[in-house]
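Okay, structure first, notes after.
In what follows, every heavy atom counts, from backbone to side chain, and hydrogens, waters and symmetry copies are set aside. Chain letters run A, B, ... following the sequence lines, proteins first, then strands; residues in each count from 1. Predicted model, so just to flag it, every value in this text is computed and none were measured.
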There are 2 protein chains.
Amino acid sequence: MSIESNTVTLEEVARLAGVSTSTVSRYLSGTHQVSSEKKAAIDSSIKRLNYRPNLVARGLAKGRTMTVGVLTQEIASSFFNEAMRGVEDALASHNYEAIFVSGHWNKVEEEQRLLSLIGRRVDGVILLVADLDDEIMDRHAQGVPMVLLGGQSASMRVHSLGFDHYSGARMAVQHFVELGHRRIAFISGPQGRHDADERLRGYREALEAAGIPYDERLVANGGYVETGGVTAMNTLLDRGLPFSAVFAANDDSAYGAMLAMYRRGMRVPDDISLIGYDDLPHSSFSLPPLTSVRQPLRDLGREAASAVVALIEGRKPPRATVAMLELIVRESTKALPVGSN
Amino acid sequence: MSIESNTVTLEEVARLAGVSTSTVSRYLSGTHQVSSEKKAAIDSSIKRLNYRPNLVARGLAKGRTMTVGVLTQEIASSFFNEAMRGVEDALASHNYEAIFVSGHWNKVEEEQRLLSLIGRRVDGVILLVADLDDEIMDRHAQGVPMVLLGGQSASMRVHSLGFDHYSGARMAVQHFVELGHRRIAFISGPQGRHDADERLRGYREALEAAGIPYDERLVANGGYVETGGVTAMNTLLDRGLPFSAVFAANDDSAYGAMLAMYRRGMRVPDDISLIGYDDLPHSSFSLPPLTSVRQPLRDLGREAASAVVALIEGRKPPRATVAMLELIVRESTKALPVGSN
DNA sequence: CTGTTAGCGCGTTCAC
DNA sequence: GTGAACGCGCTAACAG
């Protein structure tokens with residue numbers, strides 16, 4: 001029978017075990033040897049009292065909390081899920097723990113949360129696609145090891161782990177080209193956001209590399225969201241220019257595009273081929289299952305975690321092992337019959 | 001220019017301002033009046049040193065951390081998103097903050113995370129659909145105010161805020177009945193899980209209420225996941241019994257069902273009508289947009305938060321205001337032509 | 001109103 | 001190996 005109350009302290013454990021608090025502390029942290037008789041006494045004492053170390057006190061005493069804060073946008077988005085898993089995994093293997101807070105795509109809130117994390121004295125911070133200004137990141141990175149995952153900070157203090165959006169976009173377009181498509185439209189993401197701009201650039205340069213002139217009338221903004229995808233697809237279709245393929249800057253806008261086509265009675269890939277980006281879990285189950293560019297989110301999360309830990313421990317973060325982008329080919333793309341177009 | 005270092009303490013602020021630490025502390029917490037000259041001195045001192053209170057030390061001193069821990073399953077799932085937002089909102093209005101950790105649907109991990117939260121001395125805990133045994137919840141609820149959102153604990157100590165899965169299921173089936181359907185299949189969730197069982201019960205009793213005999217051959221397990229939905233739908237179809245409508249225990253399995261039909265060239269709702277449960281954000285964009293049962297997740301999250309705060313402050317949690325379930329009718333359901341079936 | 005003195009629970013010297 | 005004493009940064013009595 002364990003005794004109740006959550007306010008059992010190390011001191012009580014020590015008293016019951018007939019030893020000093022230092023001994024208990026040492027035994028718990030495993031830093032020193034402790035005679036086996038005392039070990040036993042302490043063990044049973046801990047069990048009887050149902051003792052749980054007070055992490056707050058420990059944190060204050062050691063000046064380290066063994067936890068890293070993760071600032072995400074929407075704490076629940078399938079996009080972030082994989083990355084967070086990677087972060088948790090890697091952290092756990094280093095005996096650190098992650099706590100999550102969310103910024104809700106709002107700069108002000110984001111900074112608040114970041115400050116709160118720092119106030120909690122987390123040992124490090126991982127910014128999962130932050131929207132923060134470089135200057136702000138830089139300022140706060142003075143106080144705590146910080147890595148930015150999925151972005152590129154100008155600050156020397158923050159360790160950036162970017163995604164290669166440019167190459168991913170090129171892969172997608174190139175796949176269309178290989179299938180014989182030449183009239184390829186693009187549903188872009190939010191202008192001004194680095195990742196969105198890079199994907200657009202990839203689209204343009206892949207076209208160029210294939211000797212296909214860039215035509216801005218074949219580009220419409222989808223803002224990375226489903227409704228935007230619907231609108232963009234309608235815009236594209238209404239402009240009346242022919243195209244046989246569409247590359248959407250992310251899967252969500254691709255879903256929207258599919259819905260727009262569905263409403264018009266058009267079929268993917270028979271009428272138009274479609275490729276998305278991010279390879280969300282759902283993309284295996286859309287109608288039809290969507291061809292998409294997959295980023296090794298989990299691995300990237302792991303790397304981010306390893307990087308903070310390295311930073312925390314005063315080492316320099318390992319060189320990023322270039323994670324491989326992958327085009328997951330499903331059923332939304334189809335070769336263009338020779339001679340058509 | 002603010003000075004660097006994150007190790008600025010209250011004491012340094014006090015010294016620079018020429019006052020005692022208590023005065024600074026009091027000014028910061030606003031518990032006592034402080035002369036306006038000192039206020040100014042402290043303010044400028046804080047600014048110059050770029051002081052941030054050490055929340056760890058504060059937590060130790062006060063015995064309260066002003067934070068509640070939220071244990072979720074998949075930290076990033078659209079299902080939990082709304083609920084978490086509600087939790088954050090309500091908590092913020094009470095000056096508490098939320099930190100999230102995830103149990104990954106794994107009992108062992110779940111308990112670990114819970115212990116970690118308690119070790120961090122959070123003032124309260126919200127279990128967002130926990131898988132924990134009643135006994136374990138009960139044990140830990142001794143030490144900290146605990147509310148279970150989306151479940152029903154046998155423990156008197158934990159404040160349960162259940163969802164009304166039963167009624168939701170009845171709503172769905174009843175809608176089918178009103179549309180003239182009588183051969184209604186069901187894709188069930190994981191057997192043994194309370195919510196899944198309740199949805200099944202709702203399905204059965206709604207049938208009964210409509211004078212339709214329950215036929216277990218019209219039920220197949222989808223396990224709440226897409227792949228399960230595919231399998232279940234195939235099973236149902238392969239059994240050869242006629243049915244004109246399918247109620248899936250959640251949206252994910254409904255998506256799977258749609259894919260299975262798509263593969264067979266069947267159309268929703270022309271060949272078969274379909275209703276899901278949870279009304280995930282994506283359901284507005286599936287092909288066709290899915291009719292689904294929506295739970296007021298955000299409101300429930302708010303209630304959970306208000307309940308923990310009440311518990312923490314020694315009040316008794318307000319009586320749950322019965323949140324309304326809603327059937328969101330989209331395009332996956334269709335009336336059966338009179339005389340058919 | 002404000003300074004002084006004690007802790008909060010734990011890790012960590014420093015002696016033995 | 002082990003205990004005593006001190007300190008982490010802050011709040012909370014206790015006296016003015």
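- Of all non-hydrogen atoms in G103(A) and E109(A), the two that sit nearest each other are O-CB, 3.7 Å.
- For E110(B) (side chain) and A130(B) (main-chain N/O), no donor-acceptor pair under 3.5 Å exists by modelled atom type.
- Note on V24(A): nothing from the nucleic acid sits closer than 4.0 angstrom, heavy atoms only.
- Positionally, the nearest nucleotide of DNA chain C for Q33(B) lies more toward the 5' end than for the other of Q33(B) and A57(B).
- With hydrogens and angles disregarded, a donor-acceptor distance shorter than 3.5 Å links the side chain of D123(A) to the backbone of T65(A).
- Look at CD on E12(B): it is 8 Å from P on dG9(D), rounded to the nearest Å.
- Separating the OH atom of Y27(B) from the C1' atom of dA12(D) is a distance of 20 Å, rounded to the nearest angstrom.
- Not one N or O on the side chain of S160(A) forms a donor-acceptor pair closer than 3.5 Å with the backbone of G162(A).
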Look for any protein N or O under 3.5 Å of an N or O in nucleotides 14-16 of chain D and output each such pair with its distance, or none.
none

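- Using a 4.0 Å cut-off between charged side-chain N and carboxylate O, R139(A) and E135(A) make a salt bridge.
- The phosphate of dC10(D) has neither OP1 nor OP2 within less than 4.0 Å of any side-chain N or O from K62(B).
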**Q.** Residues L117(B), I99(B); criterion side chain to side chain contact (heavy atoms under 4.5 Å, CB included); working and verdict
**A.** CA-CA 9 Å; L117(B) 247 20; I99(B) 61 178; 4.2 Å; yes
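- For the pair E11(B) CD and dC10(D) C1', the computed distance is 11 Å after rounding to whole Å.
- OP1 or OP2 of dG9(D) has not a single side-chain nitrogen or oxygen of R58(B) nearer than 4.0 Å.
- The aromatic rings of H194(B) and H165(B) stand perpendicular to each other, their planes meeting at an angle above 60°, with 30° marking the opposite boundary.
- One atom, CG of L28(B), and another, C1' of dG9(D), lie 13 Å apart when rounded to the nearest Å.
- Here S22(A) lies in heavy-atom contact (under 4.0 Å) with a base.
- The residues D131(B) and K107(B) are annotated as not salt-bridged, no charged nitrogen and carboxylate oxygen being separated by less than 4.0 angstrom.
- In summary, contact between chain A and DNA chain C, defined as any nucleotide atom under 4.0 Å from a heavy atom of the protein, begins and ends at dG9(C) to dT13(C) in the 5' to 3' direction.
- The pair R113(B)-E88(A) fails the salt-bridge criterion, with no side-chain N (NZ, NE, NH1 or NH2) lying under 4.0 Å from an Asp/Glu carboxylate O.
- For R64(B) and dA12(D), the CZ to C1' distance is 15 Å, given to the nearest whole Å.
- Taking atom CZ on R121(A) and atom P on dC8(D), their separation rounds to 14 Å, with Å as the unit.
- Of the possible donor and acceptor atoms, one in the side chain of S306(B) sits under 3.5 Å from a partner among the backbone N and O of R302(B).
- Separating the CG atom of L60(A) from the P atom of dC6(D) is a distance of 18 Å, rounded to the nearest angstrom.
- Between the C1' atom of dC10(D) and the CZ atom of R120(A) lies a distance of 16 Å, rounded to the nearest Å.
- Side-chain N/O atoms of S25(B) and base N/O atoms of dA12(D) include no donor-acceptor pair closer than 3.5 Å.
- Side-chain atoms of S25(B) never come within 3.5 Å of backbone atoms of T21(B) as a donor-acceptor pair (strictly under, hydrogens ignored).
- The phosphate of dT2(D) has neither OP1 nor OP2 within less than 4.0 Å of any side-chain N or O from T23(A).
- When heavy atoms are screened at a 4.0 angstrom cut-off, Y51(A) is found touching the sugar-phosphate backbone but no base atom.
- Residues R26(B) and K38(B) form no side-chain contact, since every pair of their non-hydrogen atoms from C-beta on lies 4.5 Å or further apart.
- Rotation axes derived from the C1' atoms of the five outermost pairs at either end of the helix from dC1(C)-dG16(D) to dC16(C)-dG1(D) lie 40° apart, to the nearest 10°.
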